[in-house]
Undergrad: 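Got a structure for you, questions after.
The figures here come from the full heavy-atom set of this structure, side chains too, leaving out hydrogens, waters and symmetry mates. Per chain, numbering begins at 1; letters A, B, ... match sequence-line order.
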Protein chains: 2
Amino acid sequence: MLFMRSADLTARARIRDAAIDLFGREGVNRVSVRAIAAQAGVSPALVLHHFDSKEGLRKACDAHLVEVLRGDGGAADLGDTAKLAATLDAPELRRYLARAFLDGSPEASTLFDEMVEVSEGWLGRGTAEGWVHHTEDPHTRAALYVSWLLAPLLLHEHVSRVLGVTDPAETNAALRISRTAVEILTKGVFADETVLSAMDNVRKGRP
Amino acid sequence: MLFMRSADLTARARIRDAAIDLFGREGVNRVSVRAIAAQAGVSPALVLHHFDSKEGLRKACDAHLVEVLRGDGGAADLGDTAKLAATLDAPELRRYLARAFLDGSPEASTLFDEMVEVSEGWLGRGTAEGWVHHTEDPHTRAALYVSWLLAPLLLHEHVSRVLGVTDPAETNAALRISRTAVEILTKGVFADETVLSAMDNVRKGRP
DNA sequence: CAGCATACTAACCGAACGTTCAGCTTCGCT
DNA sequence: AGCGAAGCTGAACGTTCGGTTAGTATGCTG
């Protein structure tokens, strides 16, 4: 178990990687143990020998993803958007992460909570230092910030289709999206406060 | 077929509503025809009598959702965020919509494309009239705008957990989120342009 | 070399799935 | 009243699923 990292071509690792790929592509329930075994080049029985059950395999995939995402820096890295994006350069990890958030595994919930916590801390520090605007509701803003960070990942299929992405590398599209996101987060979209004050009026009307 | 709307308690409609509810809750593949039939109070065979196959039922659900979403105003309503939010007041419709975007049905793809198109037109008009900021890349901004609009829906489970939502009505939380979103879209998050210019430098370094 | 745990497979199991089908009601029409 | 279509059901079909079992190969340890 100790030197497992150097032997990342073991059947166990191949099964796990195949599962991450297929689970991310199709969703956990559309993928059979047989299909995972076939992609990993082993028998279906070996999958259950190593992971006890399909659910056990899914948990192992979650754990692996979380381990990779945390990187070397512990939970702190979860707030480092650039580092996060770099780690998620692998399409199969991206797909799996998106699926995990939607299928509602406990590991994904914990991960989301941590990301919100780290982001809230980071934005709070920014507010104190003056490079982030003040807000009435920092908690909601952090939750929304993380949601928006994940949105292009979750809707990757549709976003890339709309943007006409065809190249396999996709780095250009990712850059366009990031740049536009930062632009909105810096300058906003609306040039005046009519929409905002309209919303505040609705809010006061319903205490 | 013509007066079907007035007879929305037919077994056919009950099956469709049960399918939307269960598909949205669990995902299409986790739900059996038998479960849908049970919730609708009919036999499993009747489901296939009306919809030919499970896939046919799913398509009928998609079509129904799109019909409801378009409302009376045709595609134009897809850009009216407030109206959209009102239509999606029903939790089961919200859940189903989120699932549809992620399971990648053709209907959902068309819907997404239309939402982006309508939003891009709306934001373009706003730019011309001066109440929306100019952007280098209106197309990407529109895609991102729609993605961000959908993000709290897709991540509803996690967002509501983080915000500590317990009340079944949820109107307060929805209001908090909307208000915060509009706040960000009006004032931005970042108070200066350091992040933005840093990103532009990266971009120029990689032409 | 013997002993034994680990890695792995082929064959199989019961359960649940989507789907089919023959037949039973129930209605609208003439 | 009579008849055909539509709504609807119970019982089965073949398939595929996750999981089990019995057994073989492999490689380490004494």
Undergrad: For the pair made of CZ in B:Arg58 and P in C:dT19, what is the distance, rounded to whole Å?
TA: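 Taking CZ of B:Arg58 and P of C:dT19, I get 13 Å after rounding.
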Undergrad: Donor-acceptor pair, distance only, cut-off 3.5 Å: does the side chain of A:Arg34 make one with the backbone of A:Pro44?
TA: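 Side chain of A:Arg34 to backbone of A:Pro44, a donor-acceptor pair under 3.5 Å: no, none is there.
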Undergrad: Expressed in angstrom and rounded to an integer, what is the separation of A:Lys59 atom NZ from D:dG18 atom P?
TA: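 Rounding to the nearest Å, NZ of A:Lys59 and P of D:dG18 are 17 Å apart.
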Undergrad: Let's see if you can work this out: which of D:dC8, C:dC17, C:dT20 has an atom nearest to the side-chain heavy atoms of B:Leu46?
TA: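 Among the listed nucleotides, the one closest to the side chain of B:Leu46 is D:dC8.
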Undergrad: Would B:Asp103 and A:Arg99 count as a salt bridge (Lys or Arg N to Asp or Glu O under 4.0 Å) here? Give the steps.
TA: CA-CA 10 Å; B:Asp103 293 355; A:Arg99 288 278 177 193; 3.8 Å; yes
Undergrad: B:Arg30 CZ to D:dT16 P: how many Å, rounded?
TA: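 Atom CZ in B:Arg30 sits about 22 Å away from atom P in D:dT16.
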Undergrad: Does a nitrogen or oxygen in the side chain of A:Ser32 sit under 4.0 Å from OP1 or OP2 of D:dC17?
TA: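 Yes, such a contact exists.
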Undergrad: Among the nucleotides C:dT9, C:dT19, C:dT20, which one has an atom lying closest to any side-chain atom of B:Ala45?
TA: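 Side chain of B:Ala45 sits closest to C:dT20.
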Undergrad: Step through the shown structure and confirm whether more than 12 heavy atoms of other residues, nucleotides or ligands are within 6.0 Å of CD on B:Glu107.
TA: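 Counting other residues, nucleotides and ligands, CD of B:Glu107 exceeds 12 neighbours.
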Undergrad: Rounded to the Å, how far apart are A:Lys54 NZ and C:dA16 C1'?
TA: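 My rounded result for the distance is 13 Å.
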Undergrad: Looking only at side-chain atoms of A:Ala11, point me to the closest of D:dT9, D:dG19, C:dC8.
TA: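 That would be C:dC8.
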Undergrad: Please assess A:Arg141 against A:Asp137 for the test salt bridge (Lys or Arg N to Asp or Glu O under 4.0 Å), listing each intermediate value before the final yes or no.
TA: CA-CA 6 Å; A:Arg141 182 170 72 173; A:Asp137 196 341; over 6 Å; no
Undergrad: Once you apply a heavy-atom cut-off of 4.0 Å, does A:Val31 come out as touching a base, just sugar-phosphate, or nothing?
TA: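 Contact class for A:Val31: sugar-phosphate only.
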Undergrad: In whole angstrom, what separates B:Arg34's CZ from C:dA15's P?
TA: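 Whole-Å distance recorded here is 14 Å.
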Undergrad: Under 4.0 angstrom, heavy atoms only, what part of the nucleic acid is A:Ser43 near: base, sugar-phosphate, or nothing?
TA: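 Base: the residue A:Ser43, judged by heavy atoms under 4.0 Å, touches a nucleobase.
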Undergrad: Which whole-number value in Å describes the distance from A:Asn29 CG to C:dG18 P?
TA: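 The answer, rounded to whole Å, is 12 Å.
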Undergrad: Quickly work out the A:Phe51 CZ to D:dT20 P distance and round it to whole Å.
TA: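 That distance rounds to 16 Å.
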Undergrad: Atom CG of B:Asp52 and atom C1' of C:dT20: how far apart are they, to the nearest Å?
TA: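 About 13 Å, once rounded to whole Å.
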Undergrad: Does NZ belonging to B:Lys59 count more than 12 external heavy atoms closer than 6.0 Å?
TA: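 No, because the 6.0 Å sphere around NZ of B:Lys59 holds 12 heavy atoms or fewer from other groups.
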Undergrad: OP1 or OP2 of C:dC8 less than 4.0 angstrom from a side-chain nitrogen or oxygen of A:His50, does that happen here?
TA: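 The answer is yes; a side-chain N or O of A:His50 sits under 4.0 Å from OP1 or OP2.
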Undergrad: Please pick, from D:dA12, C:dC8, D:dG18, the nucleotide with the shortest atom-to-atom distance to any side-chain atom of A:His49.
TA: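 Of the options given, the side chain of A:His49 lies nearest C:dC8.
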